[in-house]
Amino acid sequence: MDNRTILFALHEMPGIGWRTIQKLVSRYSSLSQLFNVSLQQLAALEIKPDKAERIISLLNDNDFIEQRRDSYHSRGIVLMSRYDNDYPEWLSQIAQPPWILYLKGNVSLLQRPCIAMVGTRTPTAYGKKVAYQFAQQLADAGMTVVSGLARGIDSEAHRGALRAEHGGSTIGVLGCALDTVYPPENASLYTQLAEHGLLVSEFPLGTPVHPGLFPQRNRIIAGLSLGTIVVEAADRSGSLITADQALEYSRDVFAVPGPITSPKSAGTLSLIKQGAKTVTCIEDVLEEYSSLLTLHPVTAVNVHSNNPVQLSEQETELLQYISWEPITLDQLLTRSGFAFGQMHTVLLSLTMLKQIQQLPGSTFVRL
């Protein structure tokens with residue numbers, strides 16, 4: 001049994017969470033070693049006895065693994081693990097990337113340039129209009145719009161992207177399993193994303209809906225995206241959590257200004273004060289990624305291709321300063337002579353092409 005299958009089996013086991021799997025992955029270079037471990041060895045990893053017994057029992061239960069796998073295949077759900085080559089590069093860089101992604105729809109969207117759009121669940125008419133129009137324009141420009149399929153701004157962002165000329169360039173990240181539609185009134189939108197866009201969850205089928213699960217998906221929304229646009233958000237909106245996580249991952253944060261008298265604008269105005277880029281038209285976002293979209297149209301990106309990657313002159317020039325030893329952003333600026341905005345764009349492009357990887361502390365290494 002390969003690492004991918006064993007990781008899937010662990011992820012499907014009730015009560016086995018992210019940290020328990022992390023202990024096992026860190027300890028065993030090959031998860032097949034788990035077939036020979038004892039309860040005492042698992043206890044040494046500070047895994048509780050009931051969890052240790054469950055791991056040993058269910059790993060040796062072929063019926064359990066096959067039944068779980070069949071339940072996804074019968075629903076047209078694709079399984080993607082951290083061991084897969086096409087696991088999203090941007091998502092792999094966050095603090096706790098999901099071990100397994102459950103996907104329904106156009107999986108290739110995960111390999112395209114993504115931008116997140118989030119906001120309040122109770123938007124004003126102004127917020128709805130801005131979210132819808134901006135998402136439609138972003139999708140028309142070649143960006144994939146990522147949001148959480150929640151009420152309000154999320155829903156408008158998905159609808160706008162679906163209405164783009166080449167509709168369907170949108171990803172809905174769920175705070176529940178794929179066998180649950182939440183909120184219920186988004187059933188039609190859920191179906192549209194499954195057919196024309198992409199639905200993403202990190203929760204196994206049958207996971208009960210719980211309010212505590214929804215904040216977890218915010219890190220995936222931010223992690224999949226080059227940047228996050230906050231359209232409308234109150235002072236303590238959950239959308240600000242996504243913006244904070246985007247900053248933590250060294251991603252861009254954009255905020256749409258609103259009336260200073262509107263409580264729905266308090267969060268976005270606060271972000272602007274803290275340095276988020278003000279967005280009054282979609283060009284304010286696209287100019288940050290114009291070179292990336294121009295040099296590498298989404299239709300031309302094929303991460304499975306065996307052909308050598310074709311780099312632009314700027315990408316080739318900057319890549320020569322990046323080796324397998326980490327180099328900081330300041331060092332790159334000094335050595336390359338690139339302007340900051342120019343270098344930021346080229347670094348994004350090289351990362352999307354899987355030529356480099358960004359490490360914590362804004363350092364970069366060659367892949």
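Between Ile56 and Asn60 there is a side-chain heavy-atom pair separated by less than 4.5 Å. The shortest distance between side-chain heavy atoms of Ile221 and Val118 falls below 4.5 Å. In this structure, the side chains of Val230 and Val256 stay at 4.5 Å or more apart for every pair of heavy atoms.
The line from CD of Glu248 to CD1 of Ile241 is 12.0 Å long, rounded to the nearest 0.5 Å. Note that CD1 of Ile47 and CZ of Arg27 are 11.0 Å apart. Values are rounded to the nearest 0.5 Å. Here His196 contributes atom NE2 and Ser169 contributes atom OG; the two are 13.5 Å apart, rounded to the nearest 0.5 Å. In this structure, OG1 on Thr268 lies 15.0 Å from CZ on Phe254, to the nearest 0.5 angstrom. From Leu10, atom CG reaches atom CD1 of Ile6 across 7.5 Å, with rounding to the nearest 0.5 Å. Between the CG atom of Asp154 and the OG1 atom of Thr120 there is a distance of 9.5 Å, given to the nearest 0.5 Å.
Sparse packing is recorded around CD of Glu165, with 12 or fewer heavy atoms of other residues, nucleotides or ligands lying under 6.0 Å away. Heavy-atom contacts from other residues, nucleotides or ligands closer than 6.0 Å to CD of Glu46 number 12 or fewer. Few gaps surround NZ on Lys23; more than 12 heavy atoms of other groups in view lie less than 6.0 Å from it. Within a 6.0 Å sphere centred on CG of Asp70, other residues, nucleotides and ligands contribute more than 12 heavy atoms. At most 12 non-hydrogen atoms from other residues, nucleotides or ligands lie less than 6.0 angstrom from CZ of Arg121.
Between the Ser262 side chain and the Pro259 main chain, no donor and acceptor come within less than 3.5 Å of each other. The backbone N or O of Phe338 sits less than 3.5 Å from a side-chain atom of Ser336, completing a donor-acceptor pair. Judged by distance alone, the side chain of Glu232 and the main-chain N or O of Thr124 form a donor-acceptor pair under 3.5 Å. No side-chain donor-acceptor contact under 3.5 Å links Ser57 to the backbone of Arg54. Here the side chain of Gln93 pairs no donor or acceptor atom with the backbone of Leu359 at under 3.5 angstrom. Of the possible polar contacts, none joining the Asp179 side chain to the Leu205 backbone as a donor-acceptor pair under 3.5 Å is found. Side-chain N or O atoms of Asn186 include none that pairs as donor or acceptor with a backbone N or O of Leu189 at under 3.5 Å.
Checked by atom type, the side-chain pair Thr191/Glu195 shows no donor-acceptor distance below 3.5 Å. Side chains of Thr351 and Gln358: a donor-acceptor N/O pair is absent below 3.5 angstrom, by distance only. The closest side-chain donor-acceptor pair between Thr328 and Asp330, if any, does not fall under 3.5 angstrom. No side-chain N or O of Tyr132 forms a donor-acceptor pair with one of Gln137 less than 3.5 Å apart. A donor-acceptor contact closer than 3.5 angstrom links the side chains of Glu315 and Ser349.
Here the options are Gln245, Glu202, Gln96, the test is side chain to side chain donor-acceptor pair (under 3.5 Å), and the partner is Arg219; only Glu202 passes. For the side-chain contact (heavy atoms from CB on, under 4.5 Å) with Leu91, the lone residue among Cys114, Ser225, Pro98 that qualifies is Pro98. Evaluated for a ring-ring contact (aromatic ring centres under 6.0 Å, His included) with His11, the options Trp18, Phe203, Tyr102, Trp99 yield exactly one hit, Tyr102.
Closest approach of Thr144 and Arg112 over heavy atoms only: OG1-CB, 3.8 Å. Counting all heavy atoms, side chain and backbone alike, Ala233 lies closest to Leu240 at CB-CD2, 4.1 Å. Across His158 and Ile171, no two heavy atoms sit closer than the pair CE1-O, 3.1 Å. Nearest approach of Ser71 to Arg68, heavy atoms of both residues: OG-O, 2.5 Å. Residues Leu101 and Pro88 approach most closely at CD1-CD, 4.1 Å, considering heavy atoms.
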Stepwise side chain to side chain donor-acceptor pair (under 3.5 Å) check, Gln320 with Thr316: CA-CA 7 Å; Gln320 68 179 325; Thr316 301; over 6 Å; no
Checking Tyr28 against Gln41 for the side chain to side chain donor-acceptor pair (under 3.5 Å) test, could you report, in this order, the C-alpha distance in whole Å, the side-chain angles of both residues, the deciding distance, and whether it holds? CA-CA 11 Å; Tyr28 300 105; Gln41 288 172 308; 5.0 Å; no
Could you walk me through whether Asp284 and Thr278 pass side chain to side chain donor-acceptor pair (under 3.5 Å), step by step? CA-CA 8 Å; Asp284 293 330; Thr278 304; over 6 Å; no
If you apply the rule side chain to side chain donor-acceptor pair (under 3.5 Å), what do you find for Tyr83 with Asp2, and how did you get there? CA-CA 10 Å; Tyr83 290 109; Asp2 59 17; over 6 Å; no
I would like to know whether Thr122 and Lys264 meet side chain to side chain contact (heavy atoms under 4.5 Å, CB included); could you show each step before the answer? CA-CA 9 Å; Thr122 55; Lys264 304 293 183 185; 2.5 Å; yes
For side chain to side chain contact (heavy atoms under 4.5 Å, CB included), just list the numbers for Val146 and Val173, CA-CA rounded to whole Å, side-chain angles, deciding distance to a tenth of an Å, and then say yes or no. CA-CA 7 Å; Val146 182; Val173 183; 3.9 Å; yes
For side chain to side chain contact (heavy atoms under 4.5 Å, CB included), just list the numbers for Gln357 and Phe364, CA-CA rounded to whole Å, side-chain angles, deciding distance to a tenth of an Å, and then say yes or no. CA-CA 6 Å; Gln357 179 180 359; Phe364 300 86; over 6 Å; no
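Tyr72 and Leu174 fall within a single hydrophobic cluster, where Ile, Leu, Val, Met, Phe, Trp and Tyr side chains are chained together by heavy-atom contacts under 4.5 Å.
Ring to ring, Tyr182 and Phe214 are close: their centroids are under 6.0 angstrom apart.
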